[in-house]
There are 4 protein chains.
Amino acid sequence: MAVSREDKYERILDAAIEAFAEVGYHSCQVSKIARIAGVADGTIYLYFKNKEDILIRLFTERMGDFIQLIRSKMESCQDTRSRLRAIVHTHLTHMENNRALATVTQVELRQPNSSLYSAIAVPLREYFRLVEEVIEEGIKQNEIIPSLNVRVARQMVFGTIDRATTDWIFARSERSLSKETDCMLKLFSGALGLPKE
Amino acid sequence: MAVSREDKYERILDAAIEAFAEVGYHSCQVSKIARIAGVADGTIYLYFKNKEDILIRLFTERMGDFIQLIRSKMESCQDTRSRLRAIVHTHLTHMENNRALATVTQVELRQPNSSLYSAIAVPLREYFRLVEEVIEEGIKQNEIIPSLNVRVARQMVFGTIDRATTDWIFARSERSLSKETDCMLKLFSGALGLPKE
Amino acid sequence: MAVSREDKYERILDAAIEAFAEVGYHSCQVSKIARIAGVADGTIYLYFKNKEDILIRLFTERMGDFIQLIRSKMESCQDTRSRLRAIVHTHLTHMENNRALATVTQVELRQPNSSLYSAIAVPLREYFRLVEEVIEEGIKQNEIIPSLNVRVARQMVFGTIDRATTDWIFARSERSLSKETDCMLKLFSGALGLPKE
Amino acid sequence: MAVSREDKYERILDAAIEAFAEVGYHSCQVSKIARIAGVADGTIYLYFKNKEDILIRLFTERMGDFIQLIRSKMESCQDTRSRLRAIVHTHLTHMENNRALATVTQVELRQPNSSLYSAIAVPLREYFRLVEEVIEEGIKQNEIIPSLNVRVARQMVFGTIDRATTDWIFARSERSLSKETDCMLKLFSGALGLPKE
DNA sequence: AATGAATGAGCCTTCATTCAT
DNA sequence: GATGAATGAAGGCTCATTCAT
């Protein structure tokens, strides 16, 4: 069976994730992506405008999926604690299951002054917004102490998860990342003043 | 008086911080650093092995200074809360006062598989160790609840500060970063179970 | 009725003339010709060996037709003056009516060291020969002064027409090209010593 | 003695003329020019913006010099015949002595829709203007019949010279080009109605 | 030590051509 | 015959690094 057009696009994207994770975006040659994807160099340009376009689409598409995943996991949650748990656990599990993507995300997410930044900014801000909504709702429901700064609280939640992920990537050990969900949640509970379980 | 060897070295390093902050390490040409530093391209190679060496030395030296600064600020602290406050406040203030350095630090800190990573790892781990020591001491002194995972707690402290800094850099607004010290400390107090003030 | 093989061949040739005229042979992509002709890229290679072959056939066929046209116009001419007039007028009118072809002809006629040159050389030399025959016949009939160099005289006739055509193409104005027939003929009459009308 | 900056610029220009003449602008690799000039590929880009810039500067500078040469040769001329002779003879001699330049000029002078065309247009128009001035002055001095179209007359003068040059280039024979000055002048005399010598 | 012109390896991208359908 | 997705060779240009002055 021939490889369909859809498949090829995805294969190039997957190859790019693997390649970027291994050597970083800037040190990665387009021909390396092509080799991993099993296509010719020129084929890449049938699906992507240029090298940067690969990175941009990678972020927007995969992060879009990721945020959808988190939203769906949160639907059945009744209280703030379980919503936070859904975020933390889904995030850590997803990174654990997609280590290469995690590596790229952690590393390349922060380029200054590039068209890349503005492309990334949209899904990232959407994620931030989602976390802040959970916090705001928690305050409204009297589950979270009202006096805290919502943005800083969100920075704590995301920053902690993000840092744990980065540490896990660089540690290269086999230790589980998602197992840290409970530790993290306990800290967040105390910080936000969530009621005892 | 002629510019001494020391001065020229520092001037190149400062120029590099400015240049890297503006366009990013990979997009920055050595000649740009030379122009900002007011020296010839070739002169850079009298002081640095190559382009990457500039970045490595930049991190190790400036982060070394930074850690020294934090240690000195912490010397007079008697309890865990004030030690944490010293860390948070010194970190945020330092980044606020050295925005270009902050930009480089936040952006370029995470290159995979490069000799850069191992160079950065040393001072970064020292900083992590410092935070973890404060937490461990807090547990020993019964100021922090003992059941938490020290590493995850450190990831929270550093991750939150780090994320707040990144947000502040990309926000490009004039809002103060160091003013968030108290918000952050309140969260950490709750998370770690610090006694009421 | 389906488009016949003949038709498709001609359509590609016409498309090539249009495309080459617009952007020049070297800057013209084969896919552009295909798009204008309304065929797939690959189809072109069913009718032409390669890109250069399109240009070669374009010249040989269209110039062959052009020379036939001039010959037929000259058949009814009784004297040198009317023969020259036929050449000049037919040439200018033809270029005026086929501006795109004229553009390609004027521009691409002169590539050094290519298989293109030798392909063009044949019809071009035939045209030159035709002009020189008119001159030689004029000398034999005592209509043209015998002391002139036939080749140089032909260079004058062709060069003048050719230059006027090039100027007209680049002028992009709406001024008529064929209207210059009489001016040109008057110059040629004086140069060649044709008898008064 | 070191090669001065000026020299290197000229050497690259000369190398480009030779290389373009041999294989044509489009088929000529920048590395070929570099090899002939005896410099590294990158050095070219210290002196020229890009490949097209080489061609543009080549035309503007060398044609500027050429027009100056013709002007200087014409200064001592007292009548129209000697002015025309100066133009024809200087043009033919110059092309004969600079065959490679002539080849490039004849071939690459006519690219449509490129920034090249507008760059060439200026010196070329200046040359046309010079020829037309000679004709206009001749009419004013009653040396040339007044009824002719000046533009077409100029097209004849330039077109004939240009065509003779092209023929000479493609002939590749050792026959002299400049020796045709007199043939050509005799034709022009008759065409323009110049008084007998 | 300082310079900056010169180097040349390296890479992204294009596009003529092919070939499985 | 017709298609157009896929190919991959080729080349213009950049820029970190060198070295003669």
Side-chain angles (χ1 to χ4, degrees), chain A residues 2-5 8-9 12 26-35 37-54, chain B residues 2-5 8-9 12 26-35 37-54, chain C residues 2-5 8-9 12 26-35 37-54, chain D residues 2-5 8-9 12 26-35 37-54:
Chain A
V3 175
S4 79
R5 200 181 151 75
K8 205 161 266 184
Y9 178 86
I12 293 170
H26 279 102
S27 305
C28 177
Q29 295 146 249
V30 171
S31 60
K32 182 188 181 84
I33 300 174
R35 189 167 2 96
V39 299
D41 291 16
T43 305
I44 304 257
Y45 292 86
L46 297 175
Y47 296 88
F48 298 89
K49 195 149 49 77
N50 51 36
K51 187 181 167 189
E52 195 183 42
D53 187 40
I54 303 175
Chain B
V3 175
S4 78
R5 192 177 160 79
K8 205 163 264 186
Y9 177 86
I12 293 171
H26 279 103
S27 303
C28 178
Q29 295 152 243
V30 172
S31 62
K32 182 189 179 87
I33 301 174
R35 190 169 359 98
V39 301
D41 292 16
T43 305
I44 297 212
Y45 291 85
L46 297 175
Y47 294 88
F48 298 88
K49 192 149 52 80
N50 51 34
K51 186 181 169 188
E52 195 182 43
D53 186 40
I54 303 176
Chain C
V3 174
S4 77
R5 192 178 160 76
K8 206 163 263 185
Y9 178 85
I12 293 170
H26 279 103
S27 305
C28 178
Q29 295 151 243
V30 171
S31 62
K32 181 189 180 86
I33 300 173
R35 191 171 356 100
V39 300
D41 292 15
T43 305
I44 297 210
Y45 291 85
L46 298 175
Y47 295 88
F48 298 90
K49 193 150 52 81
N50 53 35
K51 187 182 169 187
E52 196 182 42
D53 186 40
I54 303 175
Chain D
V3 174
S4 79
R5 199 179 154 76
K8 205 161 265 183
Y9 177 86
I12 293 170
H26 280 102
S27 306
C28 177
Q29 295 147 246
V30 171
S31 61
K32 182 189 180 84
I33 300 173
R35 188 165 5 94
V39 300
D41 291 17
T43 305
I44 304 257
Y45 293 87
L46 296 176
Y47 295 88
F48 299 89
K49 194 148 51 77
N50 51 35
K51 188 182 167 189
E52 195 183 42
D53 187 41
I54 303 175

Would one find a side-chain N or O of [X] under 4.0 angstrom from OP1 or OP2 of [N]?
| X | N | answer |
| --- | --- | --- |
| A:Lys8 | F:dA6 | yes |
| C:Tyr47 | F:dG1 | no |
| D:Tyr45 | E:dT7 | no |

Find the distance [X]:[atom1] to [N]:[atom2] and express it as a whole number of Å.
| X | N | atom1 | atom2 | answer |
| --- | --- | --- | --- | --- |
| C:Phe48 | E:dA16 | CZ | C1' | 15 Å |
| C:Ile12 | F:dT3 | CD1 | P | 9 Å |
| D:Asp53 | F:dG12 | CG | C1' | 14 Å |
| A:Asp41 | E:dT17 | CG | P | 20 Å |
| A:His26 | F:dA16 | NE2 | P | 12 Å |
| A:Asn50 | E:dC11 | CG | P | 17 Å |
| C:Lys49 | E:dA16 | NZ | P | 16 Å |
| A:Lys51 | E:dT13 | NZ | P | 8 Å |

Find the distance between [atom1] ([X]) and [atom2] ([Y]) and round it off to the nearest 0.5 Å.
| X | Y | atom1 | atom2 | answer |
| --- | --- | --- | --- | --- |
| C:Asp41 | C:Arg35 | CG | CZ | 9.0 Å |
| A:Ile54 | A:Cys28 | CD1 | SG | 8.0 Å |
| A:Lys8 | A:Ile44 | NZ | CD1 | 11.0 Å |
| D:Gln29 | D:Lys51 | CD | NZ | 8.0 Å |
| B:Leu46 | B:Ile12 | CG | CD1 | 8.0 Å |

Nearest to the side chain of [X], heavy atoms from C-beta on, is which of [options]?
| X | options | value |
| --- | --- | --- |
| B:Leu46 | F:dT17, F:dT3, E:dA2 | E:dA2 |
| B:Gln29 | F:dT17, E:dC12, F:dA16 | F:dA16 |
| D:Ala40 | E:dA6, E:dG8, E:dC12 | E:dG8 |

message: Minimum heavy-atom separation for D:Phe48 and D:Asp53, please, with both atom names.
response: CA-OD2, 3.5 Å
statement: Tightest non-hydrogen contact, residues B:His26 and A:Ser27, listed as NE2-OG, 4.3 Å
- prompt: Taking for each residue the nucleotide of DNA chain E bearing the nearest heavy atom, is the 5' side occupied by B:Ile44 or by C:Cys28?
  reply: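 Nearest-nucleotide comparison on DNA chain E picks B:Ile44.
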field: Position toward the 5' end of DNA chain E (nearest nucleotide), D:Val39 or C:Ser27
entry: D:Val39
- prompt: What orientation do D:Tyr9 and D:Tyr47 show, parallel under 30°, tilted 30 to 60°, or perpendicular over 60°?
  reply: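 Correct class here is tilted.
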- prompt: With nearest nucleotides of DNA chain F determined for A:Gly42 and B:Gly42 from heavy-atom distances, which residue corresponds to the more 5′ nucleotide?
  reply: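 Between the two, 5'-proximity favours A:Gly42.
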query: Between D:Ser31 and B:Val30, which has a closest nucleotide on DNA chain F that is more 5'?
result: D:Ser31
- prompt: When Watson-Crick pairs (N1 to N3 and N6-O4 or O6-N4) and G-U wobble pairs (N1-O2 and O6-N3) count only below 3.5 Å on both distances, what is the dot-bracket string of DNA chain F, with | for other-strand pairs?
  reply: .||||||||||||||||||||
